[in-house]
Amino acid sequence: MLVSSRRFVLALTLAASLPLSLVGCTTARHASASFEAPALSEASVSGPAIDISNLRGNIDVRIDRRLKEISVESKVRVDKNGKHFDLDIINESVEVTSEIQDRGGLPVLVVTTTSRREEQDYFVDLTIRMPAAEGIRIRSGGGEIRVSGVVGAVEIENATGPIEVKTPSPITQPFTIRTGSGNVYVQAPPQSTGRVTLNATGGRTILEANQGGVVLEKISTTMTQLTGIVNKGQNPITVSTVDGNVRLLLLDDPMARTRFRLDIP
């Protein structure tokens, strides 16, 4: 059972204070909220964990230590390839809530999208900015996912869509990414450890260590899978896609820009 000793509830009802849209137009609506980052009682934790559950849509999480607050922005947009519905009707059914929950004495930013609408003719895009975060879990019904600057354990499940994760700290905890389609790119420091399993049905699996000193052992490759041990680690690192490429890159500057294509090859 979740116990919340400090709780901020931000119900972002997107139809609340926004102008009416034109019936039948393919458009979008925005909403945003911000609140103070919670104090940490555990000195060994760099920041709150993140737990995101999204119906479908793009998710962009970025950690910037220059920030003073946590911000959550949401955008509801209509599927331009689907039927044209009045966006007001969709907005009335969609709600985005953000709250800080206390889980075992540690704070977790929980962002959840819900809807009373059965049709999948819209998307909810989420943009989250925080000064620090340790550990992230994402559940999404589809869309592009980008995570930059989060440290600690990672667990991402995406029904369909590409994923990119960049972490400034070595991977030493469980790290799992799965998507139904799209490329998956992970960048981490060369000090990372783990038992690696990369799966790319219909694509390529690539493990790169551009800096010296990385110990790679028991590397095995097949047409769709690469397994091995990095720096004698035992923590599981599992990255998979059904239709796309998987690339795990270990380099001194894991936050650097790279010319990766997130779309399906």
| field | Whether Gln225 side chain and Ala200 backbone form a donor-acceptor pair below 3.5 Å | value | no
| So do Lys166 and Glu164 actually touch side chain to side chain, heavy atoms under 4.5 Å? | yes
| query | Side-chain donor-acceptor pair under 3.5 Å between Thr160 and Ser181, yes or no? | reply | yes
| Thr179 and Pro162, any side-chain heavy atoms less than 4.5 Å apart | no
| task | With side-chain contact (heavy atoms from CB on, under 4.5 Å) as the test, would you mind laying out the steps for Val94 and Thr114 before giving the verdict? | result | CA-CA 6 Å; Val94 176; Thr114 57; over 6 Å; no
| message | Counting C-beta onward and ignoring hydrogens, is there a side-chain heavy-atom pair between Pro190 and Leu251 closer than 4.5 Å? | response | no
Tell me which donor-acceptor pairs under 3.5 Å the side chains of residues 52-60 have, and how far apart each pair is, sequence neighbours excluded?
{"residue": "Asn54", "atom": "OD1", "partner": "Thr113", "partner atom": "OG1", "Å": "2.9"}
{"residue": "Asn54", "atom": "ND2", "partner": "Val124", "partner atom": "O", "Å": "2.9"}
{"residue": "Arg56", "atom": "NH1", "partner": "Tyr122", "partner atom": "O", "Å": "3.4"}
{"residue": "Asn58", "atom": "OD1", "partner": "Glu144", "partner atom": "N", "Å": "2.9"}
{"residue": "Asp60", "atom": "OD2", "partner": "Arg129", "partner atom": "NH2", "Å": "3.3"}

| task | Would you mind reporting whether Thr201 and Thr241 have side-chain heavy atoms less than 4.5 Å apart? | result | no
| request: Taking the side chain as every heavy atom from C-beta outward, state whether Ile156 and Thr176 have any pair of such atoms under 4.5 Å apart. | output: no
| field | Expected output: side-chain Asn245 to main-chain Gly203 donor-acceptor under 3.5 Å | value | no
| message | Could you check whether Glu155 pairs with Arg137 (Lys NZ or Arg NE/NH1/NH2 to Asp/Glu carboxylate O, under 4.0 Å)? | response | no
| request: Look at Arg103 together with Asp51 and state whether they make a salt bridge at an N to O cut-off of under 4.0 Å. | output: yes
| field | Neighbour count >12 (heavy atoms, 6.0 Å) for atom CZ, Arg139 | value | yes
| said: Count I, L, V, M, F, W, Y as connected when their side-chain heavy atoms are under 4.5 Å apart, and connections chain through other members. Are Val110 and Val96 then in the same cluster? | reply: no
| query | Do other residues, nucleotides or ligands put more than 12 heavy atoms under 6.0 Å from Glu118 CD? | reply | no
| query | Of Asn158, Leu126, Ile163, which meets side-chain contact (heavy atoms from CB on, under 4.5 Å) against Ser140? | reply | Asn158
| field | Side-chain touch Thr167/Val150, heavy atoms, less than 4.5 angstrom | value | no
| task | Would you mind reporting whether Pro48 and Glu134 have side-chain heavy atoms less than 4.5 Å apart? | result | no
| request: Please check if atom CD in Glu208 has more than 12 non-hydrogen atoms from other residues, nucleotides or ligands closer than 6.0 Å. | output: yes
| message | Checking side-chain polar atoms at under 3.5 Å, does Asn235 have a donor or acceptor matched by the opposite partner on Thr193? | response | yes
| query | Where do Ile138 and Val147 land on the side-chain contact (heavy atoms from CB on, under 4.5 Å) test, with the steps shown first? | reply | CA-CA 10 Å; Ile138 298 176; Val147 176; 3.9 Å; yes
| field | Value rounded to 0.5 Å, distance of NZ in Lys232 from CG in Leu216 | value | 11.0 Å
| message | Working note: Val184 + Arg247, criterion side-chain contact (heavy atoms from CB on, under 4.5 Å); need CA distance, chi angles, decisive distance, verdict. | response | CA-CA 6 Å; Val184 182; Arg247 182 173 181 175; over 6 Å; no
| request: Decide side-chain contact (heavy atoms from CB on, under 4.5 Å) for Val186 and Phe175; before the verdict, give the C-alpha distance in whole Å, the side-chain angles of both, and the deciding distance to 0.1 Å. | output: CA-CA 10 Å; Val186 178; Phe175 191 101; 3.6 Å; yes
| Heavy-atom side-chain contact between Val230 and Val214 under 4.5 Å | yes
